[in-house]
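Only a predicted model underlies this, so the values are computations on that prediction, with no experimental measurement involved. In what follows, chains are A, B, ... by sequence order, proteins preceding strands, each numbered from 1.
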There are 2 protein chains.
Amino acid sequence: MVSAPLPAVAARPDGKKEKESDSKARLRLWIRLLRASRLIEGMARERLKAQFGATLPRFDVMAALFRQPDGMLMSEISRFLMVSNGNVTGIVDRLVADGLVARSQRNGDRRTSFITLTRKGHAAFAAMAAAHESWIDELLGGISARDAEQMSTKLKSFRSDWEGEA
Amino acid sequence: MVSAPLPAVAARPDGKKEKESDSKARLRLWIRLLRASRLIEGMARERLKAQFGATLPRFDVMAALFRQPDGMLMSEISRFLMVSNGNVTGIVDRLVADGLVARSQRNGDRRTSFITLTRKGHAAFAAMAAAHESWIDELLGGISARDAEQMSTKLKSFRSDWEGEA
DNA sequence: GCTTGAATATTCAAGTTTGAAATTTTTCTA
DNA sequence: TAGAAAAATTTCAAACTTGAATATTCAAGC
């Protein structure tokens with residue numbers, strides 16, 4: 001996904017802006033978006049491992065749980081993180097083994113399990129989150145807060161347009 | 001990475017804008033960036049599989065090779081795609097097994113191998129790339145071409161600031 | 001000619017990820 | 001209420017991914 005070939009479709013001879021170049025502009029944006037994501041993810045992965053012995057997927061799951069002190073269902077976690085169900089199962093398994101999160105039953109439904117951060121997990125995540133925020137600020141420092149807000153707003157526009165199976 | 005907890009650090013009582021809220025704005029941008037990437041990747045993965053029986057990593061490698069008809073070294077591919085060396089080895093192995101790319105020797109250096117698209121791979125990628133471009137255009141349609149160009153430019157700014165081991 | 005060091009790629013273990021199939025439990029309906 | 005359908009999760013195989021360790025080859029220096 002990093003590099004779809006840009007010069008695949010030629011521009012119109014008359015040189016007017018039209019659907020075609022628009023498509024190229026969006027494709028370019030997508031490539032930049034993806035490269036930016038990979039860069040930031042790579043940095044965060046490296047530092048999480050070096051400074052906290054943690055991995056990115058674990059951080060993600062803990063971040064989700066941190067926002068919901070009452071706990072989350074497995075399916076809520078996977079929907080929020082936009083990853084598959086089976087994926088979350090494995091990550092939570094390992095987090096449970098490390099004593100960072102806990103599975104528990106609620107509301108009498110034996111299909112579901114509520115996942116919560118343990119006290120230990122809460123403390124561990126708080127430390128990572130503070131560092132994480134400063135890493136992002138450092139890496140995105142070249143983008144002004146105003147630009148960041150503008151881009152955030154624009155990126156929201158296609159959030160729910162496609163939810164799988166379009 | 002999808003959700004670092006935003007309300008971790010409080011704003012100043014005086015209400016002035018300062019470093020702190022800037023950090024939050026950038027963190028918000030990063031979260032949006034990542035969610036957008038996951039959404040688009042998920043869509044592309046699903047359609048590549050359904051319509052072409054291909055995977056995203058294979059598409060990425062083929063896209064890189066498509067841009068360089070003379071071939072690329074393994075290390076060039078991994079640097080361009082920002083993934084690890086060992087990763088590319090496995091993907092290329094499978095692409096070779098499917099007859100889509102070929103390994104060959106060049107310039108007398110027996111350490112290196114030049115990877116090129118086969119004729120079959122070239123044709124297969126061309127078809128996928130055209131579809132891919134229209135998917136992106138469809139999904140990013142809510143963003144104007146002008147906005148897309150502006151965002152692309154701003155996203156370039158922190159490309160080379162961090163290249164691993166900062 | 002050696003031998004050290006750099007460059008390039010592969011191998012490997014551990015973890016992540018998907019998507020489909022299977023399991024368990026609940027809910028609906030005839 | 002029995003049975004079908006739905007919901008939530010787990011299981012599983014295949015593929016991907018990293019990062020460290022290893023192997024191979026090349027380039028210099030001695």
Side-chain angles (χ1 to χ4, degrees), chain A residues 1-2 37-39 41-50 53-62 71-98 100 103-115 164-165, chain B residues 1-2 34 37-39 41-50 53-62 71-98 100-101 103-115 164-165:
Chain A
M1 230 29 10
V2 156
S37 289
R38 291 214 177 151
L39 186 68
E41 281 194 330
M43 174 276 289
R45 183 184 301 112
E46 179 176 318
R47 296 191 182 179
L48 276 178
K49 175 151 195 177
T55 68
L56 211 39
R58 285 152 111 109
F59 178 85
D60 285 349
V61 168
M62 293 175 79
M72 296 176 82
L73 299 179
M74 295 296 286
S75 49
E76 288 174 336
I77 298 175
S78 70
R79 196 179 326 119
F80 181 74
L81 298 180
M82 298 197 279
V83 298
S84 67
N85 274 338
N87 185 359
V88 177
T89 296
I91 297 169
V92 166
D93 282 349
R94 287 181 281 271
L95 285 173
V96 167
D98 290 347
L100 297 170
R103 282 186 169 95
S104 58
Q105 302 284 328
R106 288 277 180 95
N107 46 312
D109 191 331
R110 266 178 296 180
R111 289 171 304 183
T112 67
S113 62
F114 259 73
I115 317 297
E165 221 57 44
Chain B
M1 239 9 32
V2 156
L34 184 54
S37 290
R38 291 215 178 152
L39 187 67
E41 281 194 329
M43 175 275 290
R45 183 184 300 113
E46 178 175 318
R47 296 191 183 179
L48 276 177
K49 174 150 195 178
T55 68
L56 211 38
R58 284 151 111 109
F59 179 86
D60 285 349
V61 168
M62 294 175 78
M72 295 177 82
L73 300 179
M74 294 296 285
S75 50
E76 288 175 336
I77 298 175
S78 71
R79 195 180 325 119
F80 180 74
L81 298 180
M82 298 198 280
V83 298
S84 66
N85 274 338
N87 186 358
V88 176
T89 296
I91 297 168
V92 167
D93 282 349
R94 288 181 281 271
L95 285 173
V96 168
D98 290 347
L100 297 170
V101 313
R103 282 185 169 95
S104 58
Q105 302 284 328
R106 286 279 179 94
N107 45 312
D109 190 331
R110 265 178 298 180
R111 289 172 303 183
T112 68
S113 62
F114 259 74
I115 316 297
E165 220 58 43

- prompt: For B:Thr89, which residues count as a side-chain contact (heavy atoms from CB on, under 4.5 Å) partner, sequence neighbours excluded?
  reply: B:Met74, B:Asp93, B:Arg103
task: Indicate for each nucleotide in nucleotides 1-11 of chain C, in 5' to 3' sequence, whether protein heavy atoms under 4.0 Å reach the base (B), only the sugar-phosphate (S), or nothing (-).
output: ------BSSBB
task: Specify the separation, in whole Å, of atom CZ of A:Arg58 and atom C1' of C:dT17.
output: 15 Å
query: When you look at A:Ile91 and A:Arg58, which way does the side-chain contact (heavy atoms from CB on, under 4.5 Å) test go after all the steps?
result: CA-CA 6 Å; A:Ile91 297 169; A:Arg58 285 152 111 109; 4.2 Å; yes
message: In this structure, how many angstroms lie between the C1' atom of D:dA13 and the NZ atom of B:Lys49, rounded?
response: 11 Å
query: Rounded to whole angstrom units, what separation is found between the CZ atom of A:Arg38 and the P atom of D:dC16?
result: 13 Å
- line: Of the candidates D:dT17, C:dG15, D:dT18, the side chain of B:Val83 sits closest to D:dT18
- line: Residue pairs passing the side chain to side chain donor-acceptor pair (under 3.5 Å) test with at least one member in residues 71-84 of chain B, sequence neighbours excluded, are B:Ser78-B:Asn85
- request: Answer yes or no: does a side-chain N or O of B:Arg110 lie under 4.0 Å from OP1 or OP2 of D:dC26?
  value: yes
- request: Nearest 0.5 Å please: distance from the CG atom of B:Leu100 over to the CZ atom of B:Arg94.
  value: 12.5 Å
message: Distance check needed: C:dT17 C1' versus B:Arg45 CZ, whole Å only.
response: 8 Å
- prompt: Which residues pass the salt bridge (Lys or Arg N to Asp or Glu O under 4.0 Å) test with B:Arg111, sequence neighbours left out?
  reply: B:Asp109
field: Distance in angstrom units between A:Ile91 CD1 and C:dA14 P, rounded
entry: 18 Å
- prompt: How close or far is atom P of C:dT18 from atom CE of A:Met82, stated in whole angstroms?
  reply: 11 Å
field: Whole angstrom value for the distance that separates P of C:dT17 from CD of B:Glu41
entry: 11 Å
message: Expressed as a whole number of angstroms, how long is the span from B:Glu46:CD to C:dG19:P?
response: 7 Å
statement: dist B:Arg106:CZ -> B:Ile115:CD1 (nearest 0.5 Å) comes out at 10.5 Å
